[in-house]
Number of protein chains: 2
Amino acid sequence: MENSRCENCIIRQFNSLRAMSREELKKVSDSKTTKKLKKGDPLFEEGEKLNGVFCVRNGVSKLSKLSANGKDQIVKLATKGEVIGQRSVIAEESANLSAIAVSDMEVCFIPKESINTTLQSNPNFTLEVLRHMAHDLKEADDVIVNMSQKTVKQRVAEAFIYLKNNFGLDEDGFLALTLSREDISNVVGTATESAIRIISEFKKKGLIHTSGKKIGIKNEKKLQELVNGF
Amino acid sequence: MENSRCENCIIRQFNSLRAMSREELKKVSDSKTTKKLKKGDPLFEEGEKLNGVFCVRNGVSKLSKLSANGKDQIVKLATKGEVIGQRSVIAEESANLSAIAVSDMEVCFIPKESINTTLQSNPNFTLEVLRHMAHDLKEADDVIVNMSQKTVKQRVAEAFIYLKNNFGLDEDGFLALTLSREDISNVVGTATESAIRIISEFKKKGLIHTSGKKIGIKNEKKLQELVNGF
DNA sequence: TCCAGAAGATGACAAATATCATAGTCAGGG
DNA sequence: CCCTGACTATGATATTTGTCATCTTCTGGA
């Protein structure tokens, strides 16, 4: 399968692996394993020690953390081209988040040895990973501010816009990534009933429309105004 | 002033600068400038382009972001030994946070050139910075979960424990870092009045005691139980 | 030392959000 | 094809949190 060689993998263009040399890439390719996951399957669970990272070829995974009250908080949705588990491997800590597939996925598992040796010898690669993490950190800061300063309604509206911008639309114009109402509430950080109620309200106001679990944005402008506080 | 040479600075032991070589450190030392700030002085403001990073020798700075509704959200408190502004310099973006002194401070300003050249040539340094950022990212994830899943009361209680663990106590047993009620509410992500009310409640329940702005923890165990949800 | 403005405190009330209950709807396996 | 369990939806209600108003208490200069 020539297509399964990292050297030829297009996904690589989107993540830090592009800073690897030809030889480094060859090593990674030789040591990696490919894995298929079904919706709902875990890549790893919170607290688990990771022996490597996952490079997403297809599908989407939610990264979430269980809170004391038994609810999951989704911290990030990772999709094609993203590398999952970097943070834990780099910090040499067990995973602080669980990763679960929210759609069928295809991922490559890269053993940490390949990563670590490259980190120690290729400053370009390390710098590239660092830049990615700097970006993630900024996003995390933004999420903190949103969580504490925006209303649930604003956060739901923002989530829909985020889903559109990051995962796009399907052929019928619905958000391509379909999340359960519970997952939506876990992204937004609210009770499932509250999220459902707000979805109903948005429907009534003509901001969105739905078909089963699928959600379509009808009036993005108004949705965005809502996010900004009218 | 031999004491102002980075090579001899003890602070360095606590941050990524320890991974620099003797020569790199010399360059940093030659290009750095020392700055004294009074409580309330800004190191930089959100949106500003940073020409370097700040290494904290003394005092504490709050890193905060202004939200749409006009409230600041404090994302992090940085103290002795921490480096501020790394993220922006590395990502080559303008600052996403404002940094303001919450106590009198002494900081060293290190121009970004010294940082960038070392990042490109010394993998150990880059890796060290990366590890720090991985740690910050984990902390940010935890904050997100706390913000969305814990009550204001729990977050206030947690803030006091955090302040004790990270900044210690003064000679009288009060929290060594004294924040205004407004700053406390901005850390916790709530209205100032709500924070004040909860402080009053904690006082009545004998969990804490106060003297002016100073806060002393009386019953850490109960405070911790409260954080964990009884 | 005194005064003005800021910060702290508290009540009354409004708004946002969670919780509990219940019913309808959907999707997949026998 | 139908049944069952999970998901969605909505009402009623309780709880939490924010807002506005008012008062008090500090605190740092003139």
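Proteins get letters first, then strands, A, B, ... in listed order; numbering begins at 1 in each.
- Two residues, A:Gly212 and B:Gly189, neighbour DNA chain D, and the one matched to the more 5' nucleotide by heavy-atom proximity is A:Gly212.
- The nucleotide whose nearest atom lies closest to any side-chain atom of A:Ser180 is, among D:dT8, D:dT19, C:dT19, D:dT8.
- Of the possible donor and acceptor atoms, one in the side chain of A:Arg155 sits under 3.5 Å from a partner among the backbone N and O of A:Val188.
- In this entry the distance linking NZ of B:Lys153 with P of D:dT15 reads 12 Å, nearest Å.
- Note on A:Thr190: only backbone sugar-phosphate atoms sit closer than 4.0 angstrom, heavy atoms only; bases stay farther off.
- When the P atom of D:dG18 is taken as reference, atom CG of B:Asn69 falls 10 Å away, rounded to whole Å.
- The side chain of B:Glu193 lies closest to D:dT19 when the candidates are C:dT17, D:dT19, C:dG8.
- Taking atom NZ on A:Lys204 and atom C1' on D:dA9, their separation rounds to 10 Å, with Å as the unit.
- Atom CD1 of B:Ile199 is separated from atom P of C:dA9 by 7 Å (rounded to the nearest Å).
- Checking C:dC20, C:dA7, D:dC7 against the side-chain heavy atoms of A:Lys213 singles out D:dC7 as nearest.
- If you take CD1 of A:Ile208 and C1' of D:dA9, they are 13 Å apart, rounded to a whole angstrom.
- Atom NZ of B:Lys214 is separated from atom P of C:dG8 by 13 Å (rounded to the nearest Å).
- In this structure, B:Ser194 reaches the bases: a heavy-atom distance under 4.0 Å links it to at least one base atom across the strands shown.
- A:Lys71 comes within 4.0 angstrom of the backbone, heavy atoms only, and of no base.
- Put simply, NZ on A:Lys203 is 11 Å from P on D:dT8, counting in whole angstrom units.
- Within the nucleic acid shown, A:Thr192 has no heavy atom closer than 4.0 Å to any nucleic acid atom.
- Enclosure of atom NZ in B:Lys138 by more than 12 non-hydrogen atoms of other residues, nucleotides or ligands within 6.0 angstrom is indicated.
- For B:Val152, taking side-chain heavy atoms from C-beta onward, the closest of the listed nucleotides D:dT17, D:dA9, C:dA9 is D:dT17.
- At least one donor-acceptor pair under 3.5 Å links the side chain of A:Ser148 to the backbone N or O of A:Ile144.
- Checked by distance alone, B:Arg197 brings no side-chain donor or acceptor within 3.5 Å of a matching partner on the base of D:dG18.
- Between the side chain of B:Asp104 and the backbone N or O of B:Lys39, at least one donor-acceptor pair lies under 3.5 Å.
- A straight line from CD1 of B:Ile184 to P of D:dT17 spans 17 Å, rounded to a whole angstrom.
- Residue-to-nucleotide proximity on DNA chain D shows that, of A:Ser148 and A:Arg181, the 5′-proximal contact is made by A:Arg181.
- Remark: side-chain polar atoms of A:Asp172 are not paired, donor with acceptor, to backbone N or O of A:Phe174 under 3.5 angstrom.
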